[in-house]
Peer 1: 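Supplied in C-alpha coordinates, the structure appears directly below.
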Amino acid sequence: MADSMAPTAPQDGETRRDFLQLVTGAFAAVGVGAVVWPFISSMNPARDVLALSTTEVDLTPIATGSAVTVMWRGKPVFVRNRTAEEIQVARQVPLSQLPDPATDQSRVKKDQWLVLVGVCTHLGCVPLGQKPTDPRGDYGGWFCPCHGSHYDTSGRIRKGPAPTNLLVPEYAFTSDTQIRVG
(Lines give C-alpha, C1' and ligand atoms only; values in the text may rest on other atoms or scores of the structure.)
Protein backbone atom coordinates (compact mmCIF):
# COMPACT_ATOMS: atom_id res chain seq x y z
CA MET A 1 0.00 0.00 0.00
CA ALA A 2 2.90 2.30 0.57
CA ASP A 3 3.81 2.06 -3.10
CA SER A 4 0.44 3.32 -4.29
CA MET A 5 0.65 6.49 -2.18
CA ALA A 6 4.11 7.55 -3.28
CA PRO A 7 4.15 10.62 -5.52
CA THR A 8 4.72 9.82 -9.11
CA ALA A 9 7.81 11.31 -10.64
CA PRO A 10 7.22 13.45 -13.70
CA GLN A 11 7.97 11.68 -16.84
CA ASP A 12 11.16 12.61 -18.57
CA GLY A 13 9.30 14.16 -21.56
CA GLU A 14 7.30 16.56 -19.41
CA THR A 15 10.36 18.02 -17.70
CA ARG A 16 12.20 18.52 -20.95
CA ARG A 17 9.10 20.05 -22.61
CA ASP A 18 8.63 22.54 -19.75
CA PHE A 19 12.29 23.56 -19.93
CA LEU A 20 12.17 24.02 -23.71
CA GLN A 21 9.01 26.14 -23.48
CA LEU A 22 10.61 28.35 -20.83
CA VAL A 23 13.82 28.83 -22.82
CA THR A 24 11.89 29.47 -26.07
CA GLY A 25 9.70 32.07 -24.33
CA ALA A 26 12.73 33.81 -22.84
CA PHE A 27 14.52 33.98 -26.22
CA ALA A 28 11.34 35.28 -27.87
CA ALA A 29 11.00 38.03 -25.25
CA VAL A 30 14.64 39.09 -25.69
CA GLY A 31 14.21 39.04 -29.48
CA VAL A 32 11.07 41.19 -29.37
CA GLY A 33 12.83 43.61 -27.01
CA ALA A 34 15.84 43.84 -29.33
CA VAL A 35 13.60 44.61 -32.31
CA VAL A 36 11.30 47.10 -30.53
CA TRP A 37 13.96 49.03 -28.53
CA PRO A 38 15.29 51.12 -31.47
CA PHE A 39 11.76 52.25 -32.34
CA ILE A 40 10.98 53.26 -28.76
CA SER A 41 14.35 54.96 -28.40
CA SER A 42 13.74 56.97 -31.57
CA MET A 43 10.73 58.62 -29.93
CA ASN A 44 12.91 60.30 -27.27
CA PRO A 45 13.80 63.95 -27.88
CA ALA A 46 17.03 64.56 -29.75
CA ARG A 47 20.03 66.05 -27.95
CA ASP A 48 19.60 69.42 -29.67
CA VAL A 49 15.98 69.58 -28.52
CA LEU A 50 16.95 68.70 -24.95
CA ALA A 51 19.57 71.44 -25.05
CA LEU A 52 16.85 73.95 -25.96
CA SER A 53 14.51 72.88 -23.15
CA THR A 54 15.94 75.68 -20.99
CA THR A 55 17.51 78.98 -21.87
CA GLU A 56 19.67 81.09 -19.58
CA VAL A 57 19.29 84.86 -19.92
CA ASP A 58 21.76 87.38 -18.49
CA LEU A 59 19.77 90.45 -17.42
CA THR A 60 22.81 92.69 -16.83
CA PRO A 61 23.02 94.23 -20.34
CA ILE A 62 19.27 95.01 -20.55
CA ALA A 63 18.87 98.70 -19.73
CA THR A 64 15.73 100.04 -18.09
CA GLY A 65 13.09 100.59 -20.76
CA SER A 66 14.65 98.18 -23.25
CA ALA A 67 14.11 94.55 -24.17
CA VAL A 68 15.83 91.54 -25.69
CA THR A 69 14.56 88.55 -27.61
CA VAL A 70 15.93 85.09 -26.88
CA MET A 71 14.97 81.77 -28.43
CA TRP A 72 13.43 79.00 -26.33
CA ARG A 73 12.04 75.79 -27.86
CA GLY A 74 12.06 77.44 -31.25
CA LYS A 75 9.95 80.41 -30.10
CA PRO A 76 10.95 83.99 -29.40
CA VAL A 77 10.82 85.02 -25.76
CA PHE A 78 10.61 88.72 -24.92
CA VAL A 79 12.44 89.90 -21.81
CA ARG A 80 11.72 93.53 -20.99
CA ASN A 81 13.21 95.67 -18.24
CA ARG A 82 10.17 97.85 -17.60
CA THR A 83 10.31 101.43 -16.41
CA ALA A 84 8.50 102.55 -13.27
CA GLU A 85 6.02 104.37 -15.52
CA GLU A 86 5.27 101.21 -17.57
CA ILE A 87 4.64 99.27 -14.37
CA GLN A 88 2.39 101.99 -12.97
CA VAL A 89 0.36 102.24 -16.20
CA ALA A 90 -0.07 98.45 -16.33
CA ARG A 91 -1.28 98.30 -12.73
CA GLN A 92 -3.82 101.11 -13.13
CA VAL A 93 -5.84 99.29 -15.80
CA PRO A 94 -9.18 98.06 -14.43
CA LEU A 95 -9.66 94.33 -15.07
CA SER A 96 -13.11 95.10 -16.51
CA GLN A 97 -11.38 96.77 -19.50
CA LEU A 98 -9.39 93.66 -20.40
CA PRO A 99 -10.66 91.01 -22.85
CA ASP A 100 -8.54 88.41 -20.99
CA PRO A 101 -8.44 89.75 -17.40
CA ALA A 102 -5.17 89.28 -15.53
CA THR A 103 -3.42 91.52 -13.04
CA ASP A 104 0.06 92.79 -13.79
CA GLN A 105 1.29 91.23 -10.54
CA SER A 106 0.14 87.77 -11.69
CA ARG A 107 2.26 88.05 -14.84
CA VAL A 108 5.63 88.95 -13.28
CA LYS A 109 7.92 87.58 -10.58
CA LYS A 110 9.83 90.83 -10.12
CA ASP A 111 8.03 94.05 -11.01
CA GLN A 112 10.57 95.44 -13.47
CA TRP A 113 11.14 92.18 -15.40
CA LEU A 114 8.47 91.00 -17.82
CA VAL A 115 9.07 87.66 -19.58
CA LEU A 116 6.69 86.64 -22.38
CA VAL A 117 6.49 84.17 -25.26
CA GLY A 118 6.66 86.52 -28.25
CA VAL A 119 3.96 84.85 -30.33
CA CYS A 120 0.64 86.57 -31.03
CA THR A 121 -2.22 84.50 -29.69
CA HIS A 122 -4.33 85.18 -32.77
CA LEU A 123 -2.47 83.42 -35.58
CA GLY A 124 1.07 82.96 -34.28
CA CYS A 125 2.78 86.05 -35.69
CA VAL A 126 5.63 87.75 -33.83
CA PRO A 127 4.46 91.14 -32.53
CA LEU A 128 6.59 94.27 -32.89
CA GLY A 129 7.72 96.31 -29.91
CA GLN A 130 11.08 94.91 -28.90
CA LYS A 131 13.18 97.56 -30.66
CA PRO A 132 12.95 101.24 -29.74
CA THR A 133 11.97 102.04 -33.34
CA ASP A 134 9.16 99.42 -33.47
CA PRO A 135 5.53 100.52 -33.25
CA ARG A 136 4.21 99.48 -29.84
CA GLY A 137 0.51 99.92 -30.49
CA ASP A 138 -1.99 102.07 -28.64
CA TYR A 139 -0.97 100.80 -25.19
CA GLY A 140 2.84 101.01 -25.31
CA GLY A 141 3.50 97.28 -25.28
CA TRP A 142 3.51 95.26 -28.48
CA PHE A 143 1.70 95.53 -31.79
CA CYS A 144 0.99 92.70 -34.22
CA PRO A 145 0.77 94.34 -37.66
CA CYS A 146 -0.64 91.22 -39.34
CA HIS A 147 -4.14 91.63 -37.91
CA GLY A 148 -3.88 94.63 -35.59
CA SER A 149 -3.65 93.18 -32.09
CA HIS A 150 -2.47 95.66 -29.46
CA TYR A 151 -0.85 94.50 -26.19
CA ASP A 152 -0.08 96.65 -23.15
CA THR A 153 3.11 96.91 -21.05
CA SER A 154 2.13 93.71 -19.25
CA GLY A 155 1.58 91.73 -22.47
CA ARG A 156 -2.20 91.71 -22.06
CA ILE A 157 -4.44 91.94 -25.11
CA ARG A 158 -6.21 95.28 -25.21
CA LYS A 159 -7.49 95.63 -28.77
CA GLY A 160 -7.71 93.47 -31.87
CA PRO A 161 -8.57 89.88 -32.76
CA ALA A 162 -6.14 88.08 -30.41
CA PRO A 163 -8.25 86.09 -27.92
CA THR A 164 -5.77 85.90 -25.04
CA ASN A 165 -2.78 87.64 -23.50
CA LEU A 166 0.78 86.88 -24.57
CA LEU A 167 1.83 83.74 -22.70
CA VAL A 168 4.15 83.88 -19.70
CA PRO A 169 6.57 80.94 -19.96
CA GLU A 170 7.82 78.93 -17.02
CA TYR A 171 10.86 80.84 -15.74
CA ALA A 172 12.84 81.35 -12.56
CA PHE A 173 15.42 83.79 -11.26
CA THR A 174 18.65 81.87 -10.64
CA SER A 175 20.29 85.06 -9.30
CA ASP A 176 19.53 88.79 -9.28
CA THR A 177 20.93 89.11 -12.79
CA GLN A 178 20.05 85.75 -14.38
CA ILE A 179 16.88 83.89 -15.30
CA ARG A 180 16.29 80.39 -16.62
CA VAL A 181 13.40 80.03 -19.05
CA GLY A 182 11.91 76.56 -19.17
Peer 1: Transitively linked via ILVMFWY side-chain contacts under 4.5 Å: V70 with L166?
Peer 2: yes
Peer 1: Is any side-chain heavy atom of R136 less than 4.5 Å from a side-chain heavy atom of L128?
Peer 2: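 Of all side-chain heavy-atom pairs linking L128 with R136, none is under 4.5 Å.
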Peer 1: Could you report the tightest heavy-atom contact between A102 and N165, atom names first, then the distance?
Peer 2: CB-ND2, 3.7 Å
Peer 1: Step through the shown structure and confirm whether more than 12 heavy atoms of other residues, nucleotides or ligands are within 6.0 Å of NZ on K131.
Peer 2: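 No - once you tally the heavy atoms of other residues, nucleotides and ligands closer than 6.0 Å, there are 12 at most.
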Peer 1: Please verify the inter-ring angle class for F143 with H150; under 30° counts as parallel, over 60° as perpendicular, anything in between as tilted.
Peer 2: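 Tilted.
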Peer 1: Following the transitive rule for hydrophobic clusters with a side-chain heavy-atom cut-off under 4.5 Å over Ile, Leu, Val, Met, Phe, Trp and Tyr, establish whether F78 and L167 coincide in one cluster.
Peer 2: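 Looking at the clustering, L167 is in the same group as F78.
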Peer 1: On a heavy-atom basis, which atom in G118 and which in P127 lie closest, and how many Å separate them?
Peer 2: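 Nearest pair, atom of G118 first, then P127: O-CD, 3.5 Å.
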Peer 1: For D100, check salt bridge (charged side-chain N to carboxylate O under 4.0 Å, His left out) against everything at least two apart and list the hits.
Peer 2: none
Peer 1: Would you say that more than 12 heavy atoms from the other residues, nucleotides or ligands in this model lie under 6.0 Å from the CD of Q178, or not?
Peer 2: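 Count over threshold, so yes.
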Peer 1: To the nearest 0.5 Å, how far apart are CZ in R158 and CG in D138?
Peer 2: 9.5 Å
Peer 1: Residues two or more places apart in sequence or in another chain: which of them pass side-chain hydrogen bond (donor to acceptor under 3.5 Å, both in side chains) with E86?
Peer 2: none
Peer 1: One thing to verify: whether R107 and D152 come together as a salt bridge, which I'm taking to mean a side-chain N less than 4.0 angstrom from a carboxylate O.
Peer 2: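 R107 and D152: not salt-bridged.
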Peer 1: When hydrophobic residues are tied together by side-chain contacts of less than 4.5 Å, even through go-betweens, does I40 share a cluster with V32?
Peer 2: yes
Peer 1: Just so I know, are the side chains of S149 and K159 near enough to count as touching, which here means a heavy-atom distance under 4.5 Å?
Peer 2: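 They are not in contact (no side-chain heavy atoms under 4.5 Å apart), so the answer is no.
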Peer 1: Find out whether the Lys NZ or Arg CZ of K110 is both under 6.0 angstrom from the six-membered ring centre of F173 and within 45° of the ring's axis.
Peer 2: yes
Peer 1: Could you state whether V108 and V168 fall into the same hydrophobic cluster, counting links through intermediate Ile, Leu, Val, Met, Phe, Trp or Tyr residues with side-chain heavy atoms under 4.5 angstrom apart?
Peer 2: yes
Peer 1: List the steps, then state whether side-chain contact (heavy atoms from CB on, under 4.5 Å) holds for Y139 with I157.
Peer 2: CA-CA 10 Å; Y139 301 94; I157 184 65; over 6 Å; no
Peer 1: Within a strict 4.5 Å, meaning less than it, do heavy atoms of the W142 and Q130 side chains meet?
Peer 2: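 They are in side-chain contact.
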Peer 1: Just by distance, do the side chain of R80 and the backbone of G141 share a donor-acceptor pair under 3.5 Å?
Peer 2: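 Side chain of R80 to backbone of G141: a pair is present.
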Peer 1: When you compare the side chain of I179 with that of L59, does any pair of heavy atoms fall below 4.5 Å?
Peer 2: yes
Peer 1: Applying the side chain to side chain donor-acceptor pair (under 3.5 Å) test to D111, which of Q105, R82, R91 qualifies?
Peer 2: R91
Peer 1: So V79 and L114, side-chain contact (heavy atoms from CB on, under 4.5 Å) or not? Walk me through it.
Peer 2: CA-CA 6 Å; V79 180; L114 181 64; over 6 Å; no
Peer 1: Provide the closest heavy-atom pair for V119 versus G124 in the form atom of the first, atom of the second, distance.
Peer 2: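 Nearest heavy atoms, V119 then G124: CG1-CA, 3.5 Å.
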Peer 1: So, does R156 use its side chain to make a donor-acceptor pair with the main chain of A90 at under 3.5 Å?
Peer 2: yes
Peer 1: So if you build clusters from Ile, Leu, Val, Met, Phe, Trp, Tyr with side-chain heavy-atom gaps below 4.5 Å, do F27 and V35 land together?
Peer 2: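 Different hydrophobic clusters.
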Peer 1: Do the side chain of S41 and the main chain of W37 share a donor and acceptor less than 3.5 angstrom apart?
Peer 2: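 No.
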Peer 1: Please report the interatomic distance OG1(T153) to CD(Q88), rounded to the nearest 0.5 Å.
Peer 2: 10.5 Å
Peer 1: Show the nearest heavy-atom pair for residues P76 and T69, with the distance to one decimal.
Peer 2: CB-CG2, 3.7 Å
Peer 1: Contact between L95 and T103 at the side-chain level, heavy atoms closer than 4.5 Å - yes or no?
Peer 2: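 A side-chain contact under 4.5 Å exists here.
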Peer 1: Should T55 and Y171 count as side-chain neighbours, where that means a heavy-atom distance under 4.5 Å?
Peer 2: no
Peer 1: Flag the pair Y151 / T121 as yes when at least one side-chain heavy-atom distance between them is below 4.5 Å, and no otherwise.
Peer 2: yes
Peer 1: My understanding is that only residues two or more places apart in sequence, or in another chain, count here; which of them pass side chain to side chain contact (heavy atoms under 4.5 Å, CB included) with Q21?
Peer 2: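 Only R17, D18 meet the side chain to side chain contact (heavy atoms under 4.5 Å, CB included) criterion with Q21.
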Peer 1: With side-chain contact (heavy atoms from CB on, under 4.5 Å) as the test, would you mind laying out the steps for W113 and N81 before giving the verdict?
Peer 2: CA-CA 5 Å; W113 296 106; N81 186 350; 3.4 Å; yes
